[in-house]
Student: 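Mind looking over this structure? Questions follow.
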Amino acid sequence: MALVTKSIKGTQDVLPGESHKWQYLEQAVLEQAKNYGYKEIRVPVFEHTELFQRGVGDTTDVVQKEMYTFEDKGGRSITLRPEGTAGVVRSYLEHGLFNEPAPMKLCYTISCYRYEKPQAGRLREFHQFGCECFGTQSPAADAEVISLINDIFTHLGLKNYDIQINSIGCPECRKTYHEALKAYFESKKADLCATCNDRLDRNPMRILDCKSPVCSDIAKDAPKVTDYLCEECENHFTSVKSYLDAMGISYQVNPTIVRGLDYYTKTVFEFVSTEIGAQGTICGGGRYDGLVEEVGGPKTPALGFAMGLERLMMLLKAQNVPFPEEKQCDLYIASMGEAANIKAAQIATDLRQEGFTVLYDIVGRSVKAQMKFANKVGAMFTAVLGDSELQEGKAKLKNMESGEETEISVEAFDEEFMRISINESLKELTDLGYETDIDVNSILSGNLF
Ligand code: ATP
Ligand code: MG
């Protein structure tokens with residue numbers, strides 16, 4: 001029994017008291033991406049395992065150690081997506097989106113699955129917001145995605161994060177770099193961890209990404225990729241930096257950033273914070289000019305990023321960034337007796353159509369208990385409907401904050417309630433110091449503009 005009432009290690013629930021924060025975060029992030037011309041794409045949670053082997057890369061930790069892979073009942077090897085890019089590239093190819101005018105800008109909010117050791121900022125099910133931009137090799141595009149992430153963070157009210165960028169070149173310049181790296185690490189072989197010893201032959205650049213303190217210490221003095229860039233890659237990187245300078249975006253060049261996935265080329269970047277512990281990378285991305293071809297499509301330069309939403313949420317909370325308050329209950333109608341209960345349901349239905357949050361009793365509580373509940377849900381207004389109110393055609397509407405009571409017609413309840421509620425909101429705006437010449441009649445008639 002204990003097993004079924006416990007969530008799986010490394011997963012977490014978002015409870016009702018928190019979900020409005022997630023809705024706000026997801027919406028705010030998406031809005032910024034839309035300002036940059038991104039359109040949302042939705043892809044499946046699972047794909048053929050081979051897609052990730054090719055799209056993420058066989059030598060990566062993700063593919064080697066972290067994937068949730070299983071055989072389905074038809075004997076196919078299936079993997080729960082560990083990241084979003086591979087699935088989006090697959091969809092881009094499958095639906096011929098490369099035939100549309102470039103750039104094709106796609107964004108997504110997804111759950112991801114990685115079998116990792118759960119700790120603060122590291123989960124087995126986590127969420128990413130990602131953007132992919134296909135069909136451009138211009139450095140302007142690299143600077144633009146960095147600017148988008150910066151806008152997202154700024155808009156959310158985040159402070160104190162670093163933008164670290166690097167260029168890891170193209171397969172051409174990387175050949176000589178790999179050799180230099182290999183020679184360097186070969187000389188330190190005895191001190192490297194077992195995994196890095198393995199990486200030495202397969203992909204020495206991976207060692208730069210190792211989280212072990214000994215390996216990352218050794219990596220500090222390793223040859224720097226920026227010293228090995230070919231002319232084209234060098235010029236590209238210089239141009240990305242000029243764009244960022246012109247856009248007023250501060251960054252640091254960090255030659256140890258290589259990113260976890262295999263197909264990155266040229267620009268790579270991370271947005272890092274020191275305020276949420278060891279897992280401080282909130283967002284990472286870069287250019288992956290070789291990936292579309294690797295997955296079987298036409299040669300297509302592309303780039304993108306993925307943002308860890310749990311880490312972003314942790315940082316927002318660590319910095320005490322205010323979230324908008326959750327929409328409260330506008331009106332609670334307490335009722336007693338069959339006829340009044342039905343009237344309450346009718347009024348609630350009408351007002352909900354107008355966008356108000358209206359609750360009434362569907363549990364069968366006493367009026368006293370209903371009022372207690374209204375208090376608990378923070379109702380702005382309450383009204384009590386019973387036999388006498390129905391007979392007289394009048395009820396009392398109570399403003400729960402001021403205690404003020406107004407008589408309101410039962411027949412014209414919705415219209416009178418809207419008038420009172422809107423007036424109250426306008427009063428609040430004036431109290432907050434906003435000047436407005438909008439009045440309740442123009443709102444009710446819909447003639448605002
Ligand atoms: P890390 O170095 O932290 O393992 P990564 O290089 O594996 O990150 P990416 O594959 O680039 O991460 O994923 C992009 C972002 O997704 C990360 O910067 C991070 O914010 C988030 N992320 C990655 N793995 C996890 C995880 N297991 N739990 C929570 N968030 C994660
Ligand atoms: Mg990782």
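Ligands are counted one by one from 1 in listed order, and the atoms in each one are counted from 1 as well. Just so it is clear, the model here is predicted, and its values are computed rather than measured. Keep in mind that the numbers below use all heavy atoms, side chains included, and drop hydrogens, waters and symmetry copies.
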Student: Is it true that R259 lies under 4.0 Å from ligand 1, counting heavy atoms only?
Tutor: yes

Student: Check this for me - ligand 1, F126, N or O atoms closer than 3.5 angstrom, yes or no?
Tutor: no

Student: With a cutoff of 4.0 Å, is R114 in contact with ligand 1, counting heavy atoms of the residue only?
Tutor: yes

Student: Are any of the N or O atoms of L123 closer than 3.5 Å to those of ligand 1?
Tutor: yes

Student: Anything under 3.5 Å between a donor and an acceptor, one on a side chain of residues 210-223, the other on a protein residue two or more places apart or in another chain? List them.
Tutor:
residue: S212; atom: OG; partner: V214; partner atom: N; Å: 3.4
residue: S212; atom: OG; partner: C215; partner atom: N; Å: 3.1
residue: S216; atom: OG; partner: S212; partner atom: O; Å: 2.9
residue: S216; atom: OG; partner: P213; partner atom: O; Å: 3.3
residue: D217; atom: OD1; partner: K220; partner atom: NZ; Å: 3.2

Student: Between N375 and M400, does the side-chain contact (heavy atoms from CB on, under 4.5 Å) criterion hold? Intermediate values first, please.
Tutor: CA-CA 8 Å; N375 252 319; M400 296 299 278; 3.8 Å; yes

Student: Can you find an N or O of Q279 that's nearer than 3.5 Å to an N or O of ligand 1?
Tutor: no

Student: Does an N or O from K211, backbone or side chain, lie closer than 3.5 Å to an N or O of ligand 1?
Tutor: yes

Student: Heavy-atom contact under 4.0 Å between E116 and ligand 1?
Tutor: yes

Student: Going by the atom numbers of ligand 1, which of them fall below 4.0 Å from some non-hydrogen atom of A306?
Tutor: 14 (C), 15 (C)

Student: With atoms numbered from 1 as shown, which atoms in ligand 1 lie under 4.0 angstrom from a non-hydrogen atom of G308?
Tutor: 15 (C), 16 (O), 20 (O), 21 (C)

Student: Compute both the distance and the angle, then confirm whether K241 meets the cation-pi test with F237: under 6.0 Å from the six-membered ring centre, within 45 degrees of the axis.
Tutor: yes

